[in-house]
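Take a look at the structure below.
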Amino acid sequence: NNSTPTPAINPANGTIQNWTLAANATPTFASIATGQSVTLMIDDGSGDWDVAWTSTPGVTWKTNNGIAPPLNTSGRTAVVLWNVSGVLYGARVGDA
């Protein structure tokens with residue numbers, strides 16, 4: 001369970017990770033190597049917090065028309081990140 005505002009997302013911490021926001025957050029992804037993936041279960045806490053997905057490497061979104069997905073205002077938002085040949089891809093899972 002990760003609640004820091006600048007978490008280093010690392011598959012070594014598990015391929016499914018819970019993340020509860022306590023403020024706006026900017027994760028880093030340098031530890032997601034080619035062939036690895038992580039599913040984030042993000043709880044935006046109060047419903048007022050956002051994730052800036054702009055860290056290096058940036059995320060190439062395969063859902064939501066190529067832009068970062070909005071977070072659910074209650075419950076958790078599932079986001080999958082995976083690396084193919086050095087490109088980090090992301091997708092929101094479902095719509096709830």
Side-chain angles (χ1 to χ4, degrees):
N1 195 6
N2 198 330
S3 61
T4 65
T6 55
I9 306 301
N10 186 337
N13 296 328
T15 57
I16 300 174
Q17 300 180 23
N18 289 313
W19 183 17
T20 300
L21 301 180
N24 290 330
T26 305
T28 60
F29 313 108
S31 296
I32 303 177
T34 292
Q36 293 183 318
S37 66
V38 173
T39 299
L40 298 176
M41 299 298 294
I42 304 168
D43 181 343
D44 78 342
S46 67
D48 295 329
W49 307 119
D50 291 313
V51 176
W53 300 97
T54 56
S55 296
T56 302
V59 179
T60 299
W61 292 101
K62 302 305 289 179
T63 55
N64 200 38
N65 294 317
I67 59 173
L71 299 177
N72 294 336
T73 56
S74 64
R76 295 191 179 273
T77 304
V79 173
V80 178
L81 301 168
W82 68 96
N83 186 323
V84 176
S85 300
V87 177
L88 186 65
Y89 294 95
R92 178 181 168 140
V93 179
D95 58 355

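What you see is a predicted model, and the numbers here were worked out from it, not measured in a lab. Side-chain atoms are counted along with the backbone in the values below, which use heavy atoms only and exclude waters and symmetry mates.
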For [X] and [Y], work out which heavy atoms get closest and say how close.
X: Val79; Y: Pro69; result: CG2-CG, 4.4 Å
X: Gln36; Y: Ser31; result: OE1-O, 3.2 Å
X: Ile9; Y: Val38; result: CG2-CG1, 3.9 Å
X: Thr15; Y: Ser37; result: CG2-O, 4.0 Å
X: Arg76; Y: Asn72; result: O-ND2, 2.9 Å
X: Gln17; Y: Asn10; result: NE2-O, 2.8 Å

### Task
Side-chain contact test, heavy atoms from C-beta onward, threshold under 4.5 Å: evaluate it for Ile32 versus Leu88 and give yes or no.
yes

### Query
Do Leu81 and Phe29 come within less than 4.5 Å of each other through their side chains, counting heavy atoms only?
yes

### Task
Just jot down the side-chain hydrogen bond (donor to acceptor under 3.5 Å, both in side chains) partners of Thr6, sequence neighbours excluded, or say none.
none

### Task
Just jot down the side-chain hydrogen bond (donor to acceptor under 3.5 Å, both in side chains) partners of Asn83, sequence neighbours excluded, or say none.
Thr34

### Connected hydrophobic set around Ile16, excluding itself, where side chains approach under 4.5 Å
Met41

### Task
State the CG-OG1 distance between Asp44 and Thr20, to the nearest 0.5 angstrom.
9.5 Å

### Summary
Hits for side-chain contact (heavy atoms from CB on, under 4.5 Å) against Val51, two or more places apart or cross-chain, chain-then-number order -> Trp19, Leu21, Pro27, Trp53, Leu71

### Message
Run the ring-ring contact (aromatic ring centres under 6.0 Å, His included) test against Trp49 and tell me which residues pass, sequence neighbours left out.
### Response
none

#### Entry: Under 3.5 Å: donor-acceptor pair, side chain of Arg92, backbone of Pro70
yes

### Query
Counting N and O atoms only, with roles assigned by atom type, does the side chain of Asn64 sit under 3.5 Å from a partner on the main chain of Gly66, one being a donor and the other an acceptor?
no

